[in-house]
Amino acid sequence: MQLILSSESVRNTIITNESGQVLYKTSHPFKLIGMGTTTIQKIKSNTDPMDMRDQFEVVGEIEWHLFGSSTFRINGQEMQTNDFLPRHGINGLKRTFTGPDGRPYRWDMRFDVVVLSHNNQSRTEAARYHRSTLGIFGPKKKPCLDVHPDVMHMLDLIVLTFVYVEKLRMDMEIATASSGG
């Protein structure tokens, strides 16, 4: 499944499917120095057939901390990111977690992309983010997250962890650009 983002600003975006149906939205009120809370909401069924407005329910939140571990809130649980999604690798560019299926997963933050894979010998790719393109060399494309059908059972968790790791990756990209490196 392809999840299409309205913006590369993952903390303030609308996420749709290929048909344009809204599935998720993220919101983050402006705060200085990246602090504050990002809320991830999921579209829910509307019980009133006469009411055509989209209705959403909160599936998770990320409370960003400048110092120390940020906090995830999902399914009524509160978890520190350093415990739930610990860093691995020389530069801490890998984040691992255990899915609801009991399997280990790993987000790899590369310079311009994040990739989710099974954290085992197979390293089978489960999701990959594609940034927007301007259409100079080929068609113009919006940013999107391709999610493999095998992991659709944990789509809420994938979206939540994706927002977190992509925000970290974007911060690293900005820091690298501003330092001249």
Side-chain angles (χ1 to χ4, degrees), residues 1-18 23-24 26 28 33-34 38 40 60 62 64-72 74 79-101 103-181:
M1 168 182 249
Q2 192 172 66
L3 302 178
I4 300 162
L5 286 71
S6 63
S7 162
E8 284 190 358
S9 176
V10 294
R11 296 190 305 171
N12 284 300
T13 193
I14 307 255
I15 301 172
T16 63
N17 64 13
E18 298 96 330
L23 301 177
Y24 295 91
T26 65
H28 184 91
I33 319 174
T38 302
I40 295 96
I62 304 167
W64 302 91
H65 298 161
L66 185 58
F67 300 105
S69 184
S70 294
T71 304
F72 279 147
I74 187 166
M79 300 166 277
Q80 299 302 303
T81 55
N82 287 347
D83 297 329
F84 176 67
L85 203 59
R87 298 175 199 197
H88 294 282
I90 294 170
N91 296 326
L93 299 179
K94 299 171 189 346
R95 294 284 183 143
T96 60
F97 68 96
T98 302
D101 54 8
R103 294 182 177 166
Y105 293 90
R106 176 171 111 183
W107 280 106
D108 287 297
M109 291 179 275
R110 300 178 184 158
F111 179 71
D112 62 347
V113 69
V114 293
V115 177
L116 177 68
S117 59
H118 293 271
N119 193 22
N120 57 23
Q121 285 185 324
S122 75
R123 300 277 300 120
T124 305
E125 194 169 289
R128 174 182 287 268
Y129 179 56
H130 302 274
R131 295 176 70 180
S132 62
T133 61
L134 298 174
I136 297 169
F137 302 106
K140 183 176 181 178
K141 293 181 183 177
K142 287 188 172 187
C144 66
L145 180 66
D146 289 329
V147 180
H148 194 276
D150 289 349
V151 293
M152 291 302 294
H153 65 280
M154 59 181 211
L155 189 58
D156 293 350
L157 184 59
I158 289 172
V159 170
L160 179 75
T161 56
F162 162 70
V163 168
Y164 180 74
V165 297
E166 175 57 13
K167 165 68 169 76
L168 295 180
R169 190 209 59 76
M170 287 180 353
D171 287 351
M172 288 186 294
E173 181 179 307
I174 291 167
T176 300
S178 66
S179 69

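Residues S122 and T124 bring a donor and an acceptor atom of their side chains to less than 3.5 Å of each other.
Under the 4.5 Å side-chain criterion, counting only non-hydrogen atoms from C-beta, T71 is in contact with Q80. Residues L23 and M1 form a side-chain contact, since some pair of their non-hydrogen atoms from C-beta on lies under 4.5 Å apart.
We find the OH-OG1 distance between Y105 and T161 to be 11.0 Å, quoted to the nearest 0.5 Å. Taken to the nearest 0.5 Å, the CD1 atom of I15 stands 11.0 Å off from the CD1 atom of I4. Atoms CE and CD1, on M152 and I158 in that order, are 7.5 Å from each other to the nearest 0.5 Å. Note that the NE2 atom of H118 and the CZ atom of R106 stand 12.5 Å from one another [nearest 0.5 Å]. For the atom pair Q2 CD and T16 OG1, the distance stands at 9.0 Å (nearest 0.5 Å). Residue L93 holds its CG atom at 12.5 Å from NE2 of H88, rounded to the nearest 0.5 Å.
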Run the side-chain contact (heavy atoms from CB on, under 4.5 Å) check on Y164 and T38 step by step: do they pass? CA-CA 9 Å; Y164 180 74; T38 302; over 6 Å; no
Using the side-chain contact (heavy atoms from CB on, under 4.5 Å) rule, take M79 and I74 through it: C-alpha gap first, then chi angles, then the decisive distance, then the call. CA-CA 8 Å; M79 300 166 277; I74 187 166; 3.3 Å; yes
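In terms of heavy-atom proximity, P100 sits nearest to M154 at CD-SD, 3.5 Å. Nearest heavy-atom pair across V151 and V147 is CG2-CG1, 3.6 Å. Nearest heavy atoms, P86 versus D83: CD-O, 3.6 Å. Of all heavy-atom pairs spanning P143 and S132, the tightest one is CD-CB, 3.5 Å. Scanning all heavy atoms of the two residues, the minimum distance from F84 to F97 falls at O-CB, 3.4 Å. When all heavy atoms of M109 and V165 are compared, the closest pair comes out as SD-O, 3.5 Å.
Ring pair F162/W107 is tilted by interplanar angle, where 30° to 60° counts as tilted.
Remark: R11 qualifies as a cation-pi partner of W64 under the 6.0 Å distance and 45° angle criteria applied to the six-membered ring.
S69 places a side-chain N or O within donor-acceptor distance of the main-chain N or O of N82, the cut-off being under 3.5 Å. In this structure, T176 contributes its side chain and M172 its backbone to a donor-acceptor pair below 3.5 Å.
Of the candidates L3, L145, L160, L3 is the only one forming a side-chain contact (heavy atoms from CB on, under 4.5 Å) with L155. The one candidate from R169, R123, R95, R128 that meets the salt bridge (charged side-chain N to carboxylate O under 4.0 Å, His left out) condition with D108 is R123. Checking K142, R131, K167 one by one against E8, the salt bridge (charged side-chain N to carboxylate O under 4.0 Å, His left out) holds for a single residue, R131.
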